[in-house]
Amino acid sequence: MNQRQRVEFHASCGHLMSAPADRAEQDVRCPHCHQVVRAPSADVPYASPVLAPDPAPAGAAEPTALTALYVTALMAGVLGAALVYLVMFNEFSESELVTITPLWLFPIVFGLYGFVSQRLLRRIAAGRAGTLGQAARMSIDVAGLWAAVVLFPFLVLRWRSSLLVSLAAAVFWAVLLWLFFALLFPTL
Ligand SMILES: [Zn+2]
């Protein structure tokens, strides 16, 4: 029997209540007065089966812990960069500055992509896009083609988790920057 099918009935306590159809002829607790009442069998005339409304689309909202993670990563990255370039600049050699770049760049990129992918996921949850790729394309249409440079992970990857996409994008940009420095300063 469909678990979501519910039977609405007037309980012996006088309240109108509903119970899962599979609880027919069993004791259920009235949510209004908390008395234990007997649910009618599903085929009695006044017990009308009604379908419970659909729950919110799965994956609509990601846990707020993830948002907190992105904020923390972003702040840690910015703080790290400020520390390296404003406070401890003279303590590092050029090659050391390059080597530690991914350490602060990675959390910044990770945090930013986390924000963006949560935004895109909300677009999916609102029914305005079917996939992250479609949602990203909507942004590219609005912002222009340059946005594709930033949003391409969403076009390529078919994941629905902001965490996975953000990690992949952050690794990509950190490695790219590291390669850029390595090519720019081959002597380092
Ligand atoms: Zn009651």
Side-chain angles (χ1 to χ4, degrees), residues 3-4 31 52-188:
Q3 285 283 318
R4 277 167 48 216
D54 274 329
E62 290 203 317
T64 46
L66 265 183
T67 311
L69 178 70
Y70 298 138
V71 175
T72 309
L74 198 59
M75 290 195 319
V78 171
L79 271 177
L83 200 67
V84 167
Y85 286 100
L86 302 178
V87 182
M88 302 162 71
F89 188 76
N90 293 324
E91 293 172 33
F92 291 108
S93 70
E94 243 180 30
S95 65
E96 281 171 336
L97 283 176
V98 170
T99 310
I100 62 174
T101 295
L103 289 183
W104 56 262
L105 186 79
F106 183 87
I108 290 181
V109 176
F110 172 72
L112 284 178
Y113 269 97
F115 277 126
V116 172
S117 43
Q118 289 201 321
R119 222 185 119 99
L120 296 182
L121 284 173
R122 276 199 293 274
R123 208 171 274 173
I124 294 176
R128 291 167 58 205
T131 64
L132 271 181
Q134 284 174 15
R137 247 172 248 126
M138 291 167 67
S139 289
I140 294 168
D141 286 343
V142 173
L145 258 186
W146 67 267
V149 176
V150 180
L151 292 173
F152 77 92
F154 303 109
L155 303 177
V156 179
L157 306 169
R158 297 184 171 275
W159 304 327
R160 278 227 176 177
S161 154
S162 68
L163 189 63
L164 286 178
V165 177
S166 307
L167 273 175
V171 168
F172 173 83
W173 284 110
V175 168
L176 193 75
L177 191 89
W178 183 79
L179 279 176
F180 172 76
F181 278 124
L183 293 174
L184 199 66
F185 307 107
T187 51
L188 294 178

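Sequential numbering from 1 along the given sequence is applied to the chain's residues.
- Ser117 and Ser166 get closest at one heavy-atom pair: OG-OG, 3.4 Å.
- Nearest heavy-atom pair, Val109 versus Ala169, reported as atom, atom and distance to 0.1 Å: CG1-O, 4.1 Å.
- Remark: Trp173 pairs with Tyr113 by the side chain to side chain donor-acceptor pair (under 3.5 Å) rule, at least two apart or across chains.
- Considering every non-hydrogen atom in both Pro107 and Ala73, the closest pair reads CB-O, 3.2 Å.
- Residue-environment remark: OH (Tyr85) exceeds the threshold of 12 foreign heavy atoms within 6.0 Å.
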How far apart are the C-alpha atoms of Leu163 and Phe110, what are their side-chain angles, what is the distance that settles it, and do they pass the side-chain contact (heavy atoms from CB on, under 4.5 Å) test? CA-CA 9 Å; Leu163 189 63; Phe110 172 72; 3.7 Å; yes
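- Between atom CG of residue Leu151 and atom CG of residue Leu132 there is a gap of 10.5 Å, rounded to the nearest 0.5 Å.
- In this structure, the side-chain contact (heavy atoms from CB on, under 4.5 Å) partners of Leu103, at least two apart in sequence or on a different chain, are Ile100.
- The CG atom of Leu120 lies 11.5 Å from the CZ atom of Arg137; values are rounded to the nearest 0.5 Å.
- A search for side-chain contact (heavy atoms from CB on, under 4.5 Å) contacts involving Ala76 returns nothing, not counting sequence neighbours.
- Atom CG in Leu66 sits 6.0 Å away from atom CD in Gln118 (nearest 0.5 Å).
- With sequence neighbours excluded, the residues forming a side-chain contact (heavy atoms from CB on, under 4.5 Å) with Ala168 are Leu157, Trp159, listed by chain and number.
- In this structure Arg123 satisfies the side chain to side chain donor-acceptor pair (under 3.5 Å) test together with Ser139, sequence neighbours excluded.
- Remark: Leu74 pairs with Ile108, Leu112, Phe115 by the side-chain contact (heavy atoms from CB on, under 4.5 Å) rule, at least two apart or across chains.
- Here the closest heavy-atom approach between residue Leu167 and residue Phe106 is recorded as CD2-CZ, 3.9 Å.
- Considering only residues two or more places apart in sequence or on other chains, Phe172 meets the ring pair (Phe, Tyr, Trp, His ring centres under 6.0 Å) condition with Phe152.
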